[in-house]
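Here's the structure we're looking at; comments come further down.
So that the names make sense, note that chain A is the first sequence line, chain B the second, and so on, each numbered from 1.
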Amino acid sequence: MRLSKTLLPTLKEDPVEAQIVSHKLMLRSGMIRQLGAGIYSWLPLGLRVLRKVENIVRQEMDRAGAQEVFMPAVQPAELWQETGRWQQYGTELLRFRDRGGRDFCFGPTHEEVITDLVRNELRSYKQLPANFYQIQTKFRDEVRPRFGIMRGREFLMKDAYSFDLDQESLDNSYELMFKAYQQIFKRCGLSFSAVEADTGAIGGSDSHEFHVLAESGEDAIASCSNCDYAANLEKAVAGWPDVVACRPTAQMQKVATPNIKTIDEVAGFFAVTPDKTCKSLLVETDEGRFMLLLRGDHELNEIKAANFLDGDNFRLMEPEEVKKLTGVGVGSIGPVNISLPIIADLSLKNSSDFICGANEDDFHLTGVNWESDLPRPEFADLRNVQAGDSCSRCDFGTLRLDRGIEVGHVFKLGDKYTKSMGMTVLNQGGREQTPLMGCYGIGVSRIVAAAIEQNHDDNGIVWPIFLAPFHVEILLINPKEAAAAQLAEEIYKQLQESGLEPLLDDRNERLGVKFKDADLIGAPLRVVIGGRGIKEGAVEVQSRVDGSSEKVALDKVGELLINRTKGLLQES
RNA sequence: CGGGGUGUAGCGCAGUCUGGUAGCGCAUCGGUUUUGGGAACCGAGGGCCGGAGGUUCGAAUCCUCUCACCCCGACCA
């Protein structure tokens, strides 16, 4: 591609709206432009990278035996009503009507559409297992779009759906996808981690997320220092070392604590560490209201709590509601003498002599103990793990927390959709059987941003070879120097003919401008061609990756660039 | 959804408090000189100041409404 004939609007300054490095660099290098909140146009440079990711995904999906299809982005409400998700999905689902007043949505995902397709087309167990995928534009009306393409509302996603006759076969399909995903992210040059994830409201047995580790990540990932356990914080479980229960030593006492409300204030007031306190949270689900107890230094994991309580519409009660229900402000509620079902976090099992609210404004109880002061409640894992917690899978490890960008998610869905939408095939015995489903997503556009988060320096992007929009940038210092221009053209042609993608900067710009842009754009290799080099009989080949450069004889340059690039492509 | 902020040339901003014919830097176009790490000079083009309504002789500026975008929060007892 010739830069003189390409729309590549680079920016010198960081746009004010960009917070994270990938967003800044995508704007500055002219890859994308914003059209509205969470909605972006892809310019030539960005699109080239997007297509690279897409092709890697496509190749690996095909290799894993999945079949590509292409489904509508716009979906009729009826399908979503069949599975109940028209009601469930909430405001993230972009809904609209056609001229006839019929309800539609812009698909945020395609379980309904694919299930509708296969229930009409698949009849026999002999057609299973089957796995269909597409690469499609999705729309999710995010609460808060941010970070450019990273959490956009409109985005490009690869979604795949497998159909199997039985669990064993589903397990196998899942495993195939899991391996394909590892291959995909590896080829994208990403350092990633597969972690156990919560299955959410969708249910099902297994789920893994693939995370690119990066500081800007929106998810917290727990991983073990000793074994290969890794899980999303939403799901991560800490080990429960067999601490011998401390024997109660204190009598329960009511203490006046004027204006002492938060755990920190309580711990400060009594001069103890927060783990000696117990925090009480009131929550509500369709099943009723509950009090949850946590150690003062722990955070509630709402997903775990919601899963445990097993009622829909889990939510924390508002302070005013708590006041109305108990007559006490949230800072002073506690588990002693309260007429609500209590569930306590496992970490409180062996607690003794702890401090909690007294159910009376501005009073707390100290020296509280199970049995003597209140009955032992039901215990469950309700909290977020913390760095340093012991691992639940092995004996020696401790957990650490990192930030991750979710780029892929694999799910075993079971029969949720096939059952509610009445998809069956005839099994070997001639009976109707509901197949089991798996679904597998990859954030194609997000990968572009994630790759930049992991591959950049102060001057711009440093593309991994498989995602690079161009393999080699030919930097022609002055297009008016005939000999240099001719050499640049020759190399350009030579690279193209050998299947490489070169970028020729043939603009009539100053050298500094060209170098700055080249750094921004981030082609792995660069060759600088100018009159001086020609005179010396050698030109400079530079590596964007390590900044190294070497002089190469004029007649050897093309060959060297080709070999170097092919070497990189093979290594990766 | 709550709170905060910003909308003025392609980009970054000043001007708004205190009303009086809209500016700066970069970018763009023409010219001259330059040309191995974001050039210099001369000249030029480009704005219904987010939109609507109002106050006023007069509104980017004051008032009302509205739209868009950005940031923070929506994990706390």
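Below the 3.5 angstrom threshold, one finds a donor paired with an acceptor across the side chain of A:E540 and the base of B:rG36. Judged by distance alone with a 3.5 Å cut-off, no donor-acceptor contact links the side chain of A:N459 to the base of B:rG38.
Comparing atom distances between the A:R146 side chain and each of B:rG37, B:rC70, B:rC71 picks out B:rC71 as nearest. The side chain of A:R526 lies closest to B:rG37 when the candidates are B:rU34, B:rC72, B:rG37. Comparing atom distances between the A:V143 side chain and each of B:rG38, B:rC1, B:rG36 picks out B:rC1 as nearest. Here B:rC69 is the nucleotide among B:rU35, B:rG38, B:rC69 with the atom lying nearest to any side-chain atom of A:R153. Residue A:K12 has its side chain nearest to B:rA27 when only B:rA27, B:rA77, B:rC70 are considered. Nearest nucleotide to the A:K516 side chain, out of B:rA77, B:rG37, B:rC69: B:rG37.
Nucleic acid contact class of A:I263 (heavy atoms, under 4.0 Å, all strands): sugar-phosphate only. A:R33 comes within 4.0 angstrom of nothing in the nucleic acid, heavy atoms only. At a threshold of 4.0 angstrom between heavy atoms, the contacts of A:D264 with the nucleic acid are absent. At the heavy-atom level, A:M317 lies under 4.0 Å from base atoms of the strands shown. A:N384 comes within 4.0 angstrom of a base, heavy atoms only. In this structure, A:T262 reaches the sugar-phosphate backbone alone: every heavy-atom distance under 4.0 Å involves primed, P, OP1 or OP2 atoms, never a base. Using a 4.0 Å heavy-atom cutoff across all strands shown, A:K279 reaches sugar-phosphate atoms only and no base atom. Among the protein residues, A:G357 comes within range of no part of the nucleic acid, since none of its heavy atoms lies under 4.0 Å from any strand.
Atoms NE2 (A:H364) and C1' (B:rA77) sit 8 Å apart, rounded to a whole Å. Atoms CZ (A:F354) and P (B:rA77) sit 18 Å apart, rounded to a whole Å. For the pair A:E536 CD and B:rG36 P, the computed distance is 14 Å after rounding to whole Å. Rounded to whole Å, the distance from CG on A:L292 to C1' on B:rC75 is 13 Å. Rounded to whole angstrom, the span from the NZ atom of A:K480 across to the P atom of B:rU33 amounts to 10 Å. In this entry the distance linking NZ of A:K535 with C1' of B:rU35 reads 13 Å, nearest Å. One interatomic measurement links the two molecules: CZ of A:R151 to C1' of B:rC69, which rounds to 19 Å at whole-angstrom precision. Taking atom CD1 of residue A:I534 and atom C1' of nucleotide B:rG36, one finds them 13 Å apart after rounding to whole Å.
In this structure, B:rG30 forms a base pair with B:rC42, meeting either the Watson-Crick or the G-U wobble geometry with both donor-acceptor distances under 3.5 Å. When both pairing distances are held under 3.5 Å, B:rC75 makes no Watson-Crick or G-U pair with any nucleotide shown. Pair check for B:rC69 finds B:rG5; Watson-Crick or G-U wobble, both atom distances under 3.5 Å. Using N1 to N3 plus N6-O4 or O6-N4 for Watson-Crick, or N1-O2 and O6-N3 for G-U wobble, each under 3.5 Å, B:rC62 pairs with B:rG54. Nucleotide B:rG47 forms no Watson-Crick or G-U wobble pair with any nucleotide shown, as no partner meets the under 3.5 Å limit on both distances. Applying the Watson-Crick and G-U wobble criteria (two distances, each under 3.5 Å), B:rU16 pairs with nothing in any strand.
Taking CD1 from A:I342 and CG from A:L282, the interatomic distance works out to 9.5 Å, rounded to the nearest 0.5 Å. A:D361 CG to A:I333 CD1: the interatomic distance, rounded to the nearest 0.5 Å, is 10.5 Å.
Around the CD atom of A:E559, the shell of radius 6.0 Å holds no more than 12 heavy atoms that belong to other residues, nucleotides or ligands. Open room surrounds NZ on A:K276; 12 or fewer heavy atoms of other groups in view lie less than 6.0 Å from it. Annotation for A:E92: atom CD counts as buried by contact number, over 12 foreign heavy atoms lying within 6.0 Å. Within a 6.0 Å radius of CZ in A:R403, more than 12 heavy atoms belonging to other residues, nucleotides or ligands are found. Around the CD atom of A:Q253, the shell of radius 6.0 Å holds no more than 12 heavy atoms that belong to other residues, nucleotides or ligands. The number of heavy atoms from other shown groups lying within 6.0 Å of NZ (A:K551) is above 12.
Considering A:L292, A:L293, A:L309 as possible partners of A:L382, the one that fulfils the side-chain contact (heavy atoms from CB on, under 4.5 Å) test is A:L292. Checked options A:I474, A:V472, A:D505, A:D519; the residue passing with A:R526 is A:D519 (criterion: side-chain contact (heavy atoms from CB on, under 4.5 Å)).
Judged by distance alone, the side chains of A:N369 and A:S372 never bring a donor and an acceptor atom under 3.5 Å apart. With 3.5 Å as the limit, one finds a donor-acceptor pair spanning the side chains of A:H364 and A:T257. Side-chain contact annotation: A:T262 with A:D264, donor-acceptor N/O pair under 3.5 Å absent.
B:rG25 sits 11 Å from B:rA14 when the C1' atoms are compared, rounded to a whole Å. Between B:rG50 and B:rU56, the distance separating the two C1' atoms is 23 Å to the nearest Å. Rounded to a whole angstrom, the distance from the P atom of B:rC17 to that of B:rC62 is 5 Å. To the nearest whole angstrom, the two P atoms, one in B:rG58 and one in B:rU16, are 22 Å apart. Here the separation of B:rG51 from B:rG45, taken at their P atoms, is 24 Å to the nearest Å. Distance noted for atom C1' between B:rC63 and B:rG12: 31 Å (whole Å). Taking atom C1' on both B:rC71 and B:rA52, the two are 27 Å apart, rounded to the nearest angstrom. Across the P atoms, B:rG20 and B:rU28 are found 34 Å apart, a figure rounded to whole Å.
Between A:I477 and A:H298, the residue whose closest nucleotide on RNA chain B is further toward the 5' end is A:I477. Of the residues near RNA chain B, A:L300 and A:G533, the one whose nearest nucleotide (by heavy atom distance) lies more toward the 5' end is A:G533.
Listed pair A:Q34 / B:rA68 fails the phosphate criterion, with no side-chain N or O lying under 4.0 Å from OP1 or OP2. When the side-chain nitrogen and oxygen atoms of A:R510 are compared with OP1 and OP2 of B:rG38, none of them lie within a distance under 4.0 Å.
A:Y229 places a side-chain heavy atom less than 4.5 Å from the side chain of A:L399.
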Using a cutoff of under 3.5 Å, can you pull out all pairs of nitrogen or oxygen atoms linking the protein to nucleotides 2-13 of chain B, with atom names and distances?
none

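RNA chain B lies under 4.0 Å from at least one heavy atom of each of the following residues of residues 323-348 of chain A: A:V330, A:I333.
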